[in-house]
Protein chains: 4
Amino acid sequence: MAPSAAPTRSAGRQRDGRTDAALIDAVLDLVGRGATLSGISFVAIAEHAGVSRNSLYRRWKTKDALYLDVLASLNRPLPALAGTSVLDDVAELLAVIIERSVDPRASQMLRALNAEASKFPQLHRRYFEEVVAPRRAVLIDLLERGVERGDIVNDVDVDFAASVLVAPILTSVAFNMTQDLDPKVTSRQIADLVFAGLAPRPTVD
Amino acid sequence: MAPSAAPTRSAGRQRDGRTDAALIDAVLDLVGRGATLSGISFVAIAEHAGVSRNSLYRRWKTKDALYLDVLASLNRPLPALAGTSVLDDVAELLAVIIERSVDPRASQMLRALNAEASKFPQLHRRYFEEVVAPRRAVLIDLLERGVERGDIVNDVDVDFAASVLVAPILTSVAFNMTQDLDPKVTSRQIADLVFAGLAPRPTVD
Amino acid sequence: MAPSAAPTRSAGRQRDGRTDAALIDAVLDLVGRGATLSGISFVAIAEHAGVSRNSLYRRWKTKDALYLDVLASLNRPLPALAGTSVLDDVAELLAVIIERSVDPRASQMLRALNAEASKFPQLHRRYFEEVVAPRRAVLIDLLERGVERGDIVNDVDVDFAASVLVAPILTSVAFNMTQDLDPKVTSRQIADLVFAGLAPRPTVD
Amino acid sequence: MAPSAAPTRSAGRQRDGRTDAALIDAVLDLVGRGATLSGISFVAIAEHAGVSRNSLYRRWKTKDALYLDVLASLNRPLPALAGTSVLDDVAELLAVIIERSVDPRASQMLRALNAEASKFPQLHRRYFEEVVAPRRAVLIDLLERGVERGDIVNDVDVDFAASVLVAPILTSVAFNMTQDLDPKVTSRQIADLVFAGLAPRPTVD
DNA sequence: ACTTAACCGAGACGGTACGTCGCGTCTTTTT
DNA sequence: AAAAAGACGCGACGTACCGTCTCGGTTAAGT
């Protein structure tokens, strides 16, 4: 969030809260249109938000500080899962991830961050810590419970398995091919394939 | 390759072939250092290559034309596979892909392209056609032969399976986390997991 | 003079009289430091006076209005002359003029006005009417009485003679060379020279 | 003059000499219109000259450097004097000084320099050294020869007398009242008055 | 050997975008 | 109502960079 509102309101005109929102939104808009993090200028942001440069610079001195708040605005908590079966829960979680990843502004933000990780190392790290890691944590937890229940083989590297499950989604997002993703269909497709495996299973009958 | 060599060689001083190479190398260097495709300027490229702007503009009029030749310089044919078993071949192919994806200049070029796909649509397409597609083709071919041989279940969507197999690698590359990749280890890890599946298999005994 | 005190004193807090003085003083200070009339801003004046911009704008809406009051604050009536002889009186008057012209704030104000006469025509005129003209009037009156008494040749252009007498002083002031001026010495030097003339006089013996 | 043309012409495109002239002329024009030395911006100069800011900054890094060349462009050598009599020569010299001082661009430049002497001390000094001093030197030389010949009383402070002679002109210029000056009339008026003196002379008869 | 035409580096030039700064106005709280 | 504090829009400024251009010099093919 923007500068924390001081409890003791000082004298002078108050900042217009809508300006903060408009500016953050402008950044997301520009990024969504294919702009680069380092390519976006304060001038462009202010103009796009319909705000004076002055008001922008007063709030954030550096791009890093601004982008940090932009990232924070993208973060939303995950919904609870049904909890019927591990397979279903995984599929459901993947569906949620897909839903959010499809948002063109968020996905382009991701690509921009990946491309300029060396210029914005702090941002790159924060993105993982605040957006990616929570999702991973939920998924890993899910898988571990699956192992306990016996629904998942116990010699598997849960951490790695989580990566494999999410990878197809992240790849589509990272390569700007989100049109291939469908929340319901793709999520189940992935879950089914990774759970069943490619190698044929001996028929029990 | 550089500008097509004119068949009718006219009089006058000849172009220095080393200049072409130096320029293309300069682009890769700048990209490798985290520069953006649209952020790189002809001026910067010429300076980095130690060449006059004149010599650069004489060769390529537009960035697209230049970057196209840069991309072409990254393309190398795939080596032949051992052909012992489908599982081994897949692992081996993944190992080759990892090896090449680890090159920091190529991987950063990929991230840059993904981030600016909307600004360089032609380049983005070409990259897939000339670099990604050939790899996929080999992998798909491999899987189809596996299905024919009975090493892979026949109700699987081969195309989708290929995506899942490559996804972990591409994700690491796209997210600038190639340090997690090891040609030998990771390739086998992926192949093993995807072939076996997460769900426990009934013991044959 | 400061804003006309409203006869009908309305309700509310009263204006602080010291603020008016501080603001006018701030202008003189800034001018004295070499600032230009058009270069000085309301903001700078308020800051220099340690007063809020609000309080300044409330008193004067335009620079001309403000500067007019600043000029008025510089005006002081001339002291009476001894009246012994015309030569002595002229020398004494010149001494007074020098004394006042040496004040760095007033002299710099003069230079500023001369430099920007075209931008502040009203001010430029007022300065002559209220500061220069009175001095000239006294001097001309003095010379005319000298002519009547026979102490000054009667074919002289009194107006022009006055100009010649004051010119060395004004020149020093206008050219920022007031260090060359000494009230007592310079005044007598001028008067002596202009009264005696350069051409040799026939010895009466 | 602008940067001294190096004898060994270096590589690259040559500078357009007309640009130098246009820029210096633009400064004089702006000053002539009442602009202040510190109030003029490089932007305004370049625009007024119809030249890109780039070309201006390339030639002069600081205002001082630029104004120095502007001043130099104002300097012209004095013509020779008739040499008939000291009185006539003085009048003639004063006439020349008036002629040159009437030029609105030069006179406004003088007022601007006087007003901002503290900000441009070097310029202020240079103006005296290169424009004022030469004139004074000629005048003083003239007066000294007058003393030798016996046309001027020998107990006079020649240096001070020169100041008194020029003062009326400089005052008119400094106070923006050049309309009072007429090369022929005023010059003789000053010379006559200062030579004859105000005090009546004993009739020789 | 001489001509000629393209290559090459250096640098001038116009244009433009950017970040900063300052100004004058407006808004809010306090006195 | 005065006063201080500070947000806000507007605009100008100096800088930096970009792509084009115009030079002088170099180099290699063709006469």
Side-chain angles (χ1 to χ4, degrees), chain A residues 3 8-20 39-47 50-59 61-63, chain B residues 6 8-19 39-47 50-59 61-63, chain C residues 6 9-17 19 39-47 50-59 61-63, chain D residues 8-20 38-47 50-59 61-63:
Chain A
T8 61
R9 162 181 284 195
S10 65
R13 181 167 168 180
Q14 301 305 311
R15 285 194 185 168
D16 190 339
R18 289 169 304 180
T19 302
D20 296 80
I40 299 180
S41 69
F42 274 48
V43 173
I45 296 170
E47 275 181 3
V51 165
S52 76
R53 298 195 281 284
N54 210 346
S55 296
L56 172 51
Y57 284 114
R58 193 179 300 115
R59 281 154 225 262
K61 299 294 180 189
T62 63
K63 264 187 206 174
Chain B
T8 60
R9 162 178 285 192
S10 62
R13 181 170 169 178
Q14 298 305 308
R15 284 194 185 163
D16 189 338
R18 290 168 305 181
T19 302
I40 300 179
S41 69
F42 274 48
V43 172
I45 296 170
E47 274 181 4
V51 165
S52 76
R53 282 165 288 177
N54 213 345
S55 298
L56 172 52
Y57 284 114
R58 195 179 296 116
R59 281 156 225 261
K61 298 294 181 190
T62 66
K63 262 189 210 175
Chain C
R9 162 177 288 191
S10 60
R13 181 168 165 180
Q14 298 305 310
R15 282 194 185 167
D16 189 339
T19 303
I40 300 178
S41 70
F42 274 47
V43 172
I45 296 170
E47 274 182 3
V51 165
S52 77
R53 282 163 288 176
N54 214 344
S55 298
L56 172 51
Y57 285 115
R58 193 178 299 114
R59 280 155 225 261
K61 299 294 181 190
T62 65
K63 261 188 211 176
Chain D
T8 61
R9 162 181 282 196
S10 66
R13 181 168 168 179
Q14 301 304 313
R15 285 193 184 166
D16 190 338
R18 289 169 304 180
T19 301
D20 296 79
S38 62
I40 300 179
S41 69
F42 274 48
V43 173
I45 296 171
E47 274 181 3
V51 166
S52 76
R53 296 196 282 284
N54 210 347
S55 297
L56 172 51
Y57 284 115
R58 192 180 299 115
R59 279 154 226 262
K61 299 292 181 192
T62 63
K63 264 188 206 174

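Residue numbers start from 1 in every chain, and the chains themselves are labelled A, B, ... in the order their sequence lines are given, proteins ahead of strands.
Nearer the 5' end of DNA chain E, as judged by each residue's closest nucleotide, is the contact made by A/A44, out of A/A44 and C/E47. Toward the 5′ end of DNA chain F lies the nearest nucleotide of C/T19, the other residue of the pair D/G39 and C/T19 mapping further downstream. Taking the nucleotide of DNA chain F with the nearest heavy atom to each of A/G50 and B/I40, the more 5' of the two is matched to A/G50. Each of A/S41 and D/G12 lies near DNA chain E, and the nucleotide nearest D/G12 is the one positioned closer to the 5' end.
In terms of heavy-atom proximity, A/D20 sits nearest to A/D16 at OD1-O, 3.4 Å. The shortest heavy-atom contact between A/F42 and A/K63 is CE1-CG, 3.4 Å. A pairwise comparison of heavy atoms in B/T19 and B/R59 identifies CG2-NH2, 3.4 Å as the closest pair.
Distance, D/I45 CD1 to F/dA12 P: 16 Å, rounded to whole Å. Taking atom CD of D/Q14 as the reference point, atom P of E/dA10 lies 15 Å away to the nearest angstrom. Per the geometry, CZ belonging to B/R15 stands 7 Å off P belonging to E/dC8, to the nearest Å. As a whole-Å value, the separation of B/F42 CZ from E/dG9 P is 16 Å.
Remark: A/R13 is not in phosphate contact with E/dC26, judged by side-chain N or O atoms under 4.0 Å from OP1 or OP2. A close approach under 4.0 Å does occur between a side-chain nitrogen or oxygen of C/R59 and OP1 or OP2 of F/dA3.
DNA chain E lies under 4.0 Å from at least one heavy atom of each of the following residues of residues 51-58 of chain D: D/V51, D/S52, D/R53, D/N54, D/S55, D/R58.
The CZ atom of D/R53 sits 9.0 Å away from the OG atom of D/S41 when rounded to the nearest 0.5 Å.
Qualifying side-chain hydrogen bond (donor to acceptor under 3.5 Å, both in side chains) partners for B/S55, counting only residues two or more places apart in sequence or in other chains: B/S52.
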